[in-house]
J.: 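Here it is, the structure, as structure tokens.
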Amino acid sequence: MDVVGKDGLDSTHVLAFRRKLTHWYREHARELPWRGVHDPYKTWVSEVMLQQTRVAAVLEHYDRFLKLFPTIIALALAPEDEVLAAWSGLGYYRRARMLHKAAQFVVKELAGKIPGQSDELRKLPGVGEYTCAAIASIAFGESIAVVDGNVERVLLRVTGRAEEATAAGKAFIRVQAGLLVPHKRVAHHSNAAGDHNQGMMELGATVCLPRGPLCLGCPVYDLCATKGEHVTAPKGKQRSQTVAYLLETRKDGARTEVLLERRGDESSLMPGMLELPMLPLDAVEEREPILRVRHSITNTNYYVEIYTAPGMGDKKLRAAIPAARETLSWAGVGRLKELPLTGLARKVLMRMDLMGVAGPESPEMMRDEVRKALRE
DNA sequence: GAGACGTGGAC
DNA sequence: TGTCCAAGTCT
């Protein structure tokens, strides 16, 4: 078999590629909780969570999210803050808001029935070109190709085409992916298109790695034009910044509370979510933080310092956080995990062992807890 | 079409 | 206290 040329896959390549990939996927697919599931709602949740997010991070949220919101109706009926609380730590919180909105739309306007076709799915908020194809193929067996970062990398390497961020470059990849996806269901209990798409992504995620691809384990090595790394475009520069936050606790009888601050609704970054009160750097000069953590946001590495509440007579730190600021509120540590905390706040509170307290026993109790917390 | 939008793990 | 980046979408 000849390797694939610059013009892309021919019909011989297509048949061989499909066969090899499908066989490999059957043998090597990771066991993940959203695989082998026949509920379009669950497929949808998993696909949204997986957008630009590592499998390991999704594994920490997927089961709990579905326990809290087992059906699209449960999700549609939940208050937004509960949805955000369940999403806390996953990042890109707009995804959670859009998923919530879309669930409400499906329940209200479509009688709770998730559309079974990619072009209808595409109209839902938060469902773009990739996600509509993923849900349609995986949950409904539609013959439509997904193109995500994995698929693009695999196809660039297989064809030897140089990476270009142009409409023509994107179109080439889309065409190649479309040639490869199987045309229709072969049998009742199989899903050729869905399995093929997942196989393409699995190959990119576990074998055709961005750096140091494991070519010796690749099922389509024979066809591959490059058999190795393709040239990747240089990325933007990273920046670093130091920031400081206050960790202040108080006792209210047997209950421990921590001071939190709510971000403004107009904030572009994580609006309405809860974090620790920020301290100006000049207020903490020459002090020693009780904790240092790194927290990266897109292109910035934040070197975060956490300071405890000031002692008696310490005017400077105290003055840095006006007690009257109306965005401030005290939260009992027992219900922290039910609040829409930013990932950083969550990380710090976990690190300081303030979130290890046992939570509510059941989803119902948890919802009651959240409602109570949000009323205050 | 470029920029905004989170996070944590790997090296 | 450096850099990259993961199953994208929206504006």
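Each chain gets a letter, A, B and so on, in the order its sequence line appears, and its residues count up from 1.
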J.: With no hydrogens and no angle check, is any side-chain donor or acceptor of S143(A) less than 3.5 Å from a backbone partner on P182(A)?
T.: yes
J.: Need one value for R263(A): base, sugar-phosphate or nothing, where a base atom within 4.0 Å counts as base even if backbone is also close, heavy atoms only.
T.: nothing
J.: Do R161(A)'s NZ or CZ and the ring of F172(A) fall within the cation-pi criteria of under 6.0 Å and 45°?
T.: yes
J.: Donor-acceptor check, side chain of W44(A) to backbone of V48(A), threshold 3.5 angstrom: yes or no?
T.: no
J.: Using only side-chain N and O atoms of Q52(A), determine if any of them is under 4.0 Å from OP1 or OP2 of dG8(C).
T.: yes
J.: So Y93(A), base contact, sugar-phosphate only, or nothing? Heavy-atom distance under 4.0 Å.
T.: sugar-phosphate
J.: Remember a base hit wins even if backbone is also touched, and classify M49(A) as base, sugar-phosphate or nothing at under 4.0 Å, heavy atoms.
T.: nothing
J.: Select base, sugar-phosphate, or nothing to describe what G204(A) touches, counting heavy atoms under 4.0 Å on all strands.
T.: nothing
J.: Would you give the length of the straight line joining atom OH of Y62(A) to atom CG of L32(A), rounded to the nearest 0.5 angstrom?
T.: 10.0 Å
J.: Are any of the side-chain heavy atoms of L124(A) and L121(A) separated by less than 4.5 Å?
T.: yes
J.: How would you label the contact of L90(A) with the nucleic acid (heavy atoms, under 4.0 Å): base, sugar-phosphate, or nothing?
T.: base
J.: What is the distance, to the nearest angstrom, from the CE atom on M98(A) to the C1' atom on dC10(C)?
T.: 7 Å
J.: Let me know the distance between CZ of R30(A) and P of dA6(C), rounded to the nearest Å.
T.: 13 Å
J.: Could you state the CZ-C1' distance from R94(A) to dG8(C), rounded to the nearest angstrom?
T.: 10 Å
J.: Taking for each residue the nucleotide of DNA chain B bearing the nearest heavy atom, is the 5' side occupied by T166(A) or by S267(A)?
T.: T166(A)
J.: Heavy atoms only, 4.0 Å cut-off, all strands: where does V58(A) land among base, sugar-phosphate and nothing?
T.: nothing
J.: Have a look at W34(A) and say if it touches a base, only the backbone sugar-phosphate, or nothing, with a 4.0 Å heavy-atom cut-off.
T.: base
J.: Would you classify S296(A) as touching base, sugar-phosphate or nothing, given that sugar-phosphate means primed atoms plus P, OP1 and OP2, and contacts are heavy atoms under 4.0 Å?
T.: base
J.: R54(A) CZ to dC4(C) P: how many Å, rounded?
T.: 14 Å
J.: Please determine if E163(A) and R153(A) form a salt bridge, counting it only when a charged side-chain N lies under 4.0 Å from a carboxylate O.
T.: no
J.: Reading DNA chain C from 5' onward, which residue's closest nucleotide shows up sooner: R35(A) or G126(A)?
T.: R35(A)
J.: With heavy atoms under 4.0 Å as the rule, sort S46(A) into base, sugar-phosphate or nothing.
T.: nothing
J.: Rounding to the closest angstrom, what is the interatomic distance between dG8(C) and dG1(B) at atom C1'?
T.: 15 Å
J.: For D148(A) and dA6(C), what is the distance between atoms CG and P respectively, to the nearest whole Å?
T.: 10 Å
J.: Examine distances only and state if a side-chain atom of K227(A) and a backbone atom of Y221(A) form a donor-acceptor pair shorter than 3.5 Å.
T.: yes
J.: Between dT1(C), dC10(C), dC4(C), spot the one nearest the side chain of R211(A), thanks.
T.: dC4(C)
J.: Would you kindly give the CG-to-P distance between L32(A) and dA6(C), to the nearest whole Å?
T.: 17 Å
J.: Mind checking what makes side-chain contact (heavy atoms from CB on, under 4.5 Å) contact with D10(A), not counting sequence neighbours?
T.: T12(A), H13(A)
J.: Under 4.0 Å from a heavy atom of chain A: give me the 5'-most and 3'-most nucleotides of DNA chain B that qualify.
T.: dA4(B) to dA10(B)
J.: For N197(A) and dG8(C), what is the distance between atoms CG and C1' respectively, to the nearest whole Å?
T.: 16 Å
J.: Round to the nearest Å and state the distance from W44(A) atom CH2 to dT9(C) atom P.
T.: 13 Å
J.: Keeping S267(A) on the side-chain end and L269(A) on the backbone end, is there a donor-acceptor pair under 3.5 Å?
T.: yes
J.: Could you pick out which residue, E129(A) or Q241(A), lies toward the 5' side of DNA chain C when each is mapped onto its nearest nucleotide?
T.: Q241(A)
J.: Could you tell me whether the side chain of R294(A) has a donor or acceptor atom within less than 3.5 Å of a complementary atom in the base of dT3(C)?
T.: yes
